[in-house]
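Numbering starts at 1 and runs along the sequence shown.
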Amino acid sequence: MKSNQPLLASYNLGNITLKNSIVMAPMTRSRADNEENAPTDMIAEYYEQRASAGLIISEGTQVSKEAVGYINTPGIYSKAQVEGWKKVTKAVHNKEGKIFAQLWHVGRISHPYFHNGELPLAPSPINPNEKVFTPNGFEETVTPKEMTVEDIKRTISDFKKAAINAKEAGFDGVEIHSSNGYLFHQFFNNSSNKRTDDYGGTIVNKTRFFFEVLDEIKQVFPENKIGVRLNPSLHGVFGMTADEETIPTFDYIVERLNDYNLAYLHLSEPFTDVSEVPFLVKEIAKHYRPLYSGTLMINTNFNQERGNEVLEEGDADLVAFGKPFISNPDLPERFALNAPIAEWDQDTFYVPGAKGYIDYPTYRESQESKNS
């Protein structure tokens with residue numbers, strides 16, 4: 001591995017200087033196991049340990065009670081949650097790190113358990129036929145409630161309030177989670193959106209809700225402190241079925257995002273093998289780099305070598321790493337040393353407690369314990 005790695009180069013993100021081009025991807029860890037679903041001291045320690053990333057994007061944080069779909073995930077709609085996030089941002093900033101809050105609404109990927117027996121909200125009453133994790137273990141999703149225009153307007157307000165709360169909590173910016181089969185993605189996709197009003201049918205209508213939210217959030221944060229996450233070739237997972245209109249829809253969104261001076265566009269390479277699906281894009285960064293004029297962040301199964309390659313080839317500006325950051329809190333330093341990457345324990349991804357969360361040693365610590 002070369003010593004002058006593109007991943008280790010600093011990067012100017014709007015008016016924020018990142019110390020390297022390595023991003024900690026947003027990852028649900030289900031540690032907000034308290035009545036308020038508020039971040040705890042342990043969650044602050046977890047993020048602080050990983051503050052050597054150029055940028056941290058927080059785990060998905062719910063914009064309202066209606067937005068919840070998983071057990072023990074933190075929100076950003078209550079006073080207690082904002083106070084909890086203040087501990088997180090302070091801890092990261094004390095280590096000279098930068099952190100964005102990922103604003104999240106799961107839509108139909110939820111269960112009545114989380115909504116006092118009420119149905120989850122979605123663009124149309126179509127069951128995604130997925131499983132969600134509740135206190136009773138994995139449970140089947142249900143047919144959701146079709147959102148009224150009033151529901152949509154209220155949710156737009158929820159996102160704006162969440163952005164206000166993120167600002168109060170000290171985040172450097174926010175990312176709108178419009179990816180992975182969650183609420184906005186459900187509106188974009190024909191298999192989940194059968195509406196015939198202003199929020200369905202045409203590409204312009206299916207993307208209207210998302211752009212209305214973006215336009216509200218930019219009244220809270222400057223555009224260059226707002227990121228957007230998309231997963232254009234998602235297919236056959238998270239209840240999503242792609243079709244011939246899927247990529248044209250994402251092309252439209254991305255080209256329209258050029259009208260905004262965003263912090264970044266965060267894209268995922270395909271989660272599954274789409275090589276046999278003729279209407280989907282196999283190489284997302286290569287496809288969208290020419291279409292998008294701003295900062296492009298790419299993720300999904302990148303390692304050190306592939307991360308350096310995608311930056312060197314000019315197909316992305318930043319690379320987001322997920323699981324490697326779980327077990328390697330010092331990931332940028334390991335890359336700098338060309339040190340081995342510690343394995344993660346998948347059994348502890350979503351369970352309460354410190355094990356598999358804040359107990360992974362840095363490379364230096366592991367070497368010291370070997371030599372002691």
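With hydrogens and angles ignored, the 3.5 Å screen pairs a side-chain donor or acceptor of D359 with a backbone N or O of G356. For H287 (side chain) and E283 (main-chain N/O), no donor-acceptor pair under 3.5 Å exists by modelled atom type. Side-chain atoms of N94 do not come within 3.5 Å of backbone N or O of T89 as any donor-acceptor pair. The closest donor-acceptor contact from the side chain of E146 to the backbone of S124 lies at 3.5 Å or more, if one exists at all.
A donor-acceptor pair shorter than 3.5 Å cannot be found between the side chains of D158 and T155. Judged by distance alone, the side chains of Y46 and R29 do bring a donor and an acceptor atom under 3.5 Å apart. Between the side chains of N129 and E140, no donor-acceptor pair is found at a separation under 3.5 Å. Between the side chains of N301 and K323, not a single donor N or O lies within less than 3.5 Å of an accepting N or O. Under the 3.5 Å distance criterion, with hydrogens and angles disregarded, a donor-acceptor pair is assigned to the side chains of Y288 and D251. Counted by atom type alone, Q304 and Q5 present one or more donor-acceptor pairs between their side chains at under 3.5 Å. Using a 3.5 Å distance cut-off with no hydrogens or angles, the side chains of N136 and E139 do pair a donor with an acceptor. Looking only at atom types and distance, the side chain of Y252 has no donor-acceptor partner in the side chain of E245 under 3.5 Å away. Looking only at atom types and distance, the side chain of Q102 has no donor-acceptor partner in the side chain of S58 under 3.5 Å away. Looking at N261 and N224, their side chains never bring a donor and an acceptor atom within 3.5 Å of each other. Side-chain atoms of H115 and E66 form no donor-acceptor pair, as typed in the model, at a separation below 3.5 Å. Looking at Y11 and T17, their side chains never bring a donor and an acceptor atom within 3.5 Å of each other.
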Inset, instruction - Show the numbers, then the answer: is there a ring-ring contact (aromatic ring centres under 6.0 Å, His included) between F184 and F209? - result: CA-CA 7 Å; F184 294 116; F209 178 26; 4.9 Å; yes
Inset, instruction - Might you work through the salt bridge (charged side-chain N to carboxylate O under 4.0 Å, His left out) test for D315 and R289, ending with a clear yes or no? - result: CA-CA 6 Å; D315 291 330; R289 174 76 287 176; over 6 Å; no
Legend entry - Worked verdict on E36 versus K79 for salt bridge (charged side-chain N to carboxylate O under 4.0 Å, His left out): CA-CA 9 Å; E36 287 283 351; K79 185 75 182 148; over 6 Å; no
Legend entry - Criterion salt bridge (charged side-chain N to carboxylate O under 4.0 Å, His left out) on R31 and E59, from CA distance to verdict: CA-CA 11 Å; R31 281 345 194 256; E59 61 210 277; over 6 Å; no
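Shown here for D198 and R208, the closest heavy-atom pair between the two residues is O-NE, 2.8 Å. Taking every heavy atom of both residues into account, A163 and F221 meet most closely at O-CE1, 3.2 Å. The two residues P352 and D33 make their nearest non-hydrogen contact at CB-OD2, 3.3 Å. Considering every non-hydrogen atom in both V92 and E48, the closest pair reads CG2-N, 4.3 Å. Smallest separation of non-hydrogen atoms from L291 and N258: O-ND2, 2.8 Å. Of all the heavy atoms in A320 and M297, the pair that sits closest is CB-SD, 4.1 Å.
Under the side-chain contact (heavy atoms from CB on, under 4.5 Å) criterion, I164 pairs with K160, V220, not counting sequence neighbours. Looking at residues two or more places apart in sequence or on another chain, you find no side-chain hydrogen bond (donor to acceptor under 3.5 Å, both in side chains) involving S327. In terms of the salt bridge (charged side-chain N to carboxylate O under 4.0 Å, His left out) criterion, residue partners of R334 (sequence neighbours excluded) are, by chain and number, D330. Evaluation of the salt bridge (charged side-chain N to carboxylate O under 4.0 Å, His left out) rule for K86 yields E83, E168 as partners, not counting sequence neighbours. Every residue was checked against the side-chain hydrogen bond (donor to acceptor under 3.5 Å, both in side chains) condition with N37, not counting sequence neighbours, and none meets it. With sequence neighbours excluded, no residue forms a salt bridge (charged side-chain N to carboxylate O under 4.0 Å, His left out) with E130. In terms of the salt bridge (charged side-chain N to carboxylate O under 4.0 Å, His left out) criterion, K98 has no residue partners (sequence neighbours excluded). The side-chain contact (heavy atoms from CB on, under 4.5 Å) search around L280 returns S233, H235, A242, T246, I247, V274, V277, not counting sequence neighbours. When the side-chain contact (heavy atoms from CB on, under 4.5 Å) test is applied to S179, the partners found at least two apart in sequence or on another chain are H177, R229, N231. Judged as a side-chain hydrogen bond (donor to acceptor under 3.5 Å, both in side chains), and not counting sequence neighbours, S157 has no contacts.
L119 belongs to a hydrophobic cluster with V142, counting contacts under 4.5 Å between side-chain heavy atoms of Ile, Leu, Val, Met, Phe, Trp and Tyr, direct or through other members. Residue M240 is found in a hydrophobic cluster whose other members, listed by chain and number, are Y70, W104, V106, I109, V132, Y182, L234, V237, F238, F271; membership requires side-chain heavy atoms under 4.5 Å apart, directly or through intermediates.
Around atom OH of Y350, no more than 12 heavy atoms belonging to other residues, nucleotides or ligands sit under 6.0 Å away. Heavy atoms of other residues, nucleotides or ligands lying less than 6.0 angstrom from CZ of R364 number 12 at most. Heavy-atom contacts from other residues, nucleotides or ligands closer than 6.0 Å to OH of Y113 number 12 or fewer.
The cationic atom of R50 (NZ for Lys, CZ for Arg) does not lie both less than 6.0 Å from the six-membered ring centre of Y47 and within 45° of the ring axis. Within the cation-pi definition used here (under 6.0 Å to the ring centroid, within 45° of the axis), R256 qualifies as a partner of F211. For the pair K161 and Y77, the NZ or CZ position fails the cation-pi test of under 6.0 Å to the six-membered ring centre and within 45 degrees of the ring normal.
Side-chain contact between L55 and Y264 is present, with at least one heavy-atom pair separated by less than 4.5 Å.
In this pair, H185 and F188 present their aromatic rings tilted. The plane angle is within the 30 to 60° band.
A ring-centre distance under 6.0 Å is found for F321 and F335.
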